[in-house]
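Data first, discussion second: the structure below is written as structure tokens.
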Amino acid sequence: MTIAFLFICLFALMLIGVPIAVSLGLSGALTIMIFSEDSVRSLAIKLFETSEHYTLLAIPFFLLAGAFMTTGGVARRLIDFANACVGHIRGGLAIAAVLACMLFAALSGSSPATVAAVGSIAIAGMVRSGYPQAFGAGIVSTAGTLGILIPPSIVMVVYAAATETSVGKLFMAGVVPGLLLGLALMVAIYVIARKKNLPALPRASLREWLSSGRRALWGLLLMVIILGGIYSGMFTPTEAAAVSAVYAGFIALFVYKDMRVRECPKVLLDAGKLTIMLMFIIANAMLFAHVLTTEQIPQSIAASVVEMGLSPWMFLLLVNVLLLIAGNFMEPSAIILILAPILFPIAMELGIDPIHLGVIMVVNMEIGMLTPPVGLNLFVTSAVTGMSLPATIRAAAPWLVLLLGFLVLVTYVPAISLWLPEALGMP
């Protein structure tokens with residue numbers, strides 16, 4: 001009865017247009033007030049506990065680092081470097097856009113930020129060179145999803161907080177899948193470019209390549225600082241996020257000098273708005289998860305699933321279907337915080353590695369970024385290009401097939417996710 005009321009209340013509120021964060025909080029609060037012996041005061045306590053979760057402190061710092069890098073011209077230099085590396089290949093501008101998304105993803109941790117930073121420059125460049133605008137929009141909106149797969153990743157931080165798993169190990173588990181998906185996109189672009197005879201840039205000279213690499217070096221060093229610092233044990237993922245924010249601000253202001261000190265308050269305000277929006281969703285989602293845990297709902301579902309005799313592959317198939325449906329309607333962090341506490345105990349019972357489950361959930365969230373009505377990357381691409389939302393959806397649709405194929409591969413070949421953390425001996 002309790003679980004039925006909780007979820008009926010959640011979906012009823014969402015259907016009448018109540019924002020997702022408020023829907024999560026209200027459904028959790030009403031369930032506690034009607035069915036639980038918990039005091040109403042526990043609601044307020046749980047909401048404030050969210051702000052004390054050490055792992056979640058990484059989110060505002062990564063958002064601030066992304067804001068500095070987007071404003072400070074790091075994205076433009078990364079695109080120039082990517083063009084110098086692969087621009088001479090047939091379809092090279094599109095391939096370079098994917099490479100730039102991969103590089104920026106390794107700095108920002110956010111898919112919409114990756115699309116906004118790279119798309120605002122790369123799509124216009126492709127159109128000027130003779131590429132169809134829809135082709136460029138489809139590529140960047142899809143490659144932008146790498147922002148939550150290639151570490152650092154805000155969604156991985158949320159999963160780690162929800163399941164008490166290692167953020168560092170999750171980050172390392174995302175490296176190989178991220179590189180593999182980026183390579184798959186590049187190969188697909190090359191095949192299409194050969195068939196459609198899309199243009200290529202002149203081959204960059206060694207001097208031009210070195211020059212673009214030197215200009216992009218300060219941005220590229222941030223990847224070394226974040227991942228190298230975490231793996232070496234120099235600092236935790238949260239501390240790495242704080243270091244990345246300070247570093248990004250420093251290079252934007254004093255190295256590249258694309259920003260002035262008087263622009264800092266606006267950047268801080270923009271990052272603050274994003275943080276408040278995301279943390280409000282997370283706080284309410286954690287309240288919802290608290291109700292699930294208090295009422296022993298995940299344990300009951302886990303027991304039922306085990307009694308059904310589902311094999312691991314069947315369970316993972318159901319997980320993918322559930323997450324793909326949820327991705328159409330909800331923001332990734334909310335999905336993770338609602339479903340991870342339910343799916344995690346079942347996965348453990350079936351012997352599925354929690355890190356592998358985390359990567360599967362993140363790849364599903366990538367696909368959710370491209371599926372209406374709540375696909376964030378679609379809205380950002382539409383805003384960047386000036387294309388209508390239906391046109392943007394049509395542009396991204398063919399690339400969803402590739403992402404779905406990649407999801408199947410990651411789901412049923414755990415070594416893709418687990419090989420690197422195991423090779424590094426991470427506990």
Side-chain angles (χ1 to χ4, degrees), residues 2-4 6-7 10-11 145 148-149 153 155-156 158-166 169-178 180-181 184 288-289 292-293 295-330 332 334-371 400-423 426-427:
T2 305
I3 186 172
L6 180 66
F7 283 99
L10 172 65
F11 291 118
T145 63
I148 60 171
L149 182 58
S153 163
V155 173
M156 285 183 178
V158 174
Y159 175 85
T163 59
E164 300 294 332
T165 49
S166 164
K169 193 171 182 181
L170 263 174
F171 280 3
M172 287 302 161
V175 171
V176 174
L180 191 61
L181 179 55
F288 187 91
L292 290 175
T293 306
E295 299 301 317
Q296 298 287 303
I297 292 169
Q299 291 81 354
S300 302
I301 296 173
S304 302
V305 170
V306 171
E307 286 173 10
M308 288 167 60
L310 284 182
S311 62
W313 77 265
M314 292 172 66
F315 168 70
L316 289 176
L317 178 62
L318 288 175
V319 166
N320 283 334
V321 171
L322 177 63
L323 291 173
L324 289 173
I325 293 170
N328 288 319
F329 304 103
M330 295 169 68
I335 296 173
I336 295 282
L337 287 165
I338 293 169
L339 295 180
I342 296 173
L343 300 175
F344 184 78
I346 305 172
M348 296 298 284
E349 285 283 341
L350 295 174
I352 296 166
D353 192 289
I355 299 296
H356 180 215
L357 178 67
V359 173
I360 291 170
M361 293 190 79
V362 170
V363 174
N364 274 284
M365 298 305 97
E366 285 191 288
I367 295 170
M369 293 282 187
L370 292 174
T371 51
L400 278 174
V401 178
L402 190 148
L403 284 179
L404 288 168
F406 178 72
L407 173 62
V408 172
L409 190 65
V410 167
T411 300
Y412 294 111
V413 186
I416 294 173
S417 307
L418 301 178
W419 173 80
L420 185 58
E422 289 174 358
M426 300 185 78

Checklist entry - Where is the tightest heavy-atom contact between Leu337 and Ala162, given as atom of each residue plus distance? => result CD2-CB, 3.8 Å
Item to check | Under 3.5 Å: donor-acceptor pair, side chain of Tyr159, backbone of Ala340 | outcome: no
Next on the checklist: What's the separation between atom CG in Leu357 and atom CG in Leu343, rounded to the nearest 0.5 Å?
Outcome noted: 6.5 Å
Checklist entry - Should Val363 and Leu181 count as side-chain neighbours, where that means a heavy-atom distance under 4.5 Å? => result no
Checklist entry - Can you find a pair of side-chain heavy atoms, one from Leu317 and one from Tyr412, that are under 4.5 Å apart? => result yes
Checklist entry - What closest approach, in Å, do His356 and Ser417 show between heavy atoms, and which atom pair accounts for it? => result CD2-OG, 4.1 Å
Item to check | Euclidean distance, Thr371 OG1 relative to Leu400 CG, rounded to 0.5 Å | outcome: 7.0 Å
Checklist entry - Under a 4.5 Å cut-off applied to non-hydrogen side-chain atoms, are Thr163 and Ile336 in contact? => result no
Checklist entry - For Ile355 and Ala173, which heavy atoms make the closest approach, and how far apart are they? => result CG2-CB, 3.4 Å
Checklist entry - Run the side chain to side chain contact (heavy atoms under 4.5 Å, CB included) check on Leu324 and Leu404 step by step: do they pass? => result CA-CA 10 Å; Leu324 289 173; Leu404 288 168; 4.1 Å; yes
Checklist outcome for this item: Here the pair of heavy atoms bringing Ala326 nearest to Leu339 is CB-CD1, 4.5 Å
Checklist outcome for this item: dist Leu418:CG -> Met172:CE (nearest 0.5 Å) comes out at 14.5 Å
Checklist outcome for this item: Between the CE atom in Met361 and the CE atom in Met156, the distance rounded to the nearest 0.5 Å is 12.0 Å
Checklist outcome for this item: Rounding to 0.5 Å, atoms CE (Met369) and CG (Leu403) come to a distance of 12.0 Å
Checklist entry - Going through the checks in order, is the side chain to side chain contact (heavy atoms under 4.5 Å, CB included) test met by Leu322 and Leu318? => result CA-CA 6 Å; Leu322 177 63; Leu318 288 175; over 6 Å; no
Next on the checklist: Using every non-hydrogen atom in the two residues, find where Ser153 and Ile148 come nearest and quote the distance to one decimal.
Outcome noted: OG-O, 2.6 Å
Checklist entry - With side chains defined as the heavy atoms from C-beta onward, is the minimum distance between Val319 and Ile346 less than 4.5 Å? => result no
Item to check | Positive for side-chain contact (heavy atoms from CB on, under 4.5 Å) with Ile416, one of Thr411, Val176, Val359 | outcome: Val176
Checklist entry - In Å and rounded to the nearest 0.5 Å, what is the CG to CZ distance from Leu6 to Phe11? => result 9.5 Å
Item to check | For the student: nearest non-hydrogen atoms of Glu366 and Thr145, plus distance | outcome: OE2-O, 2.9 Å
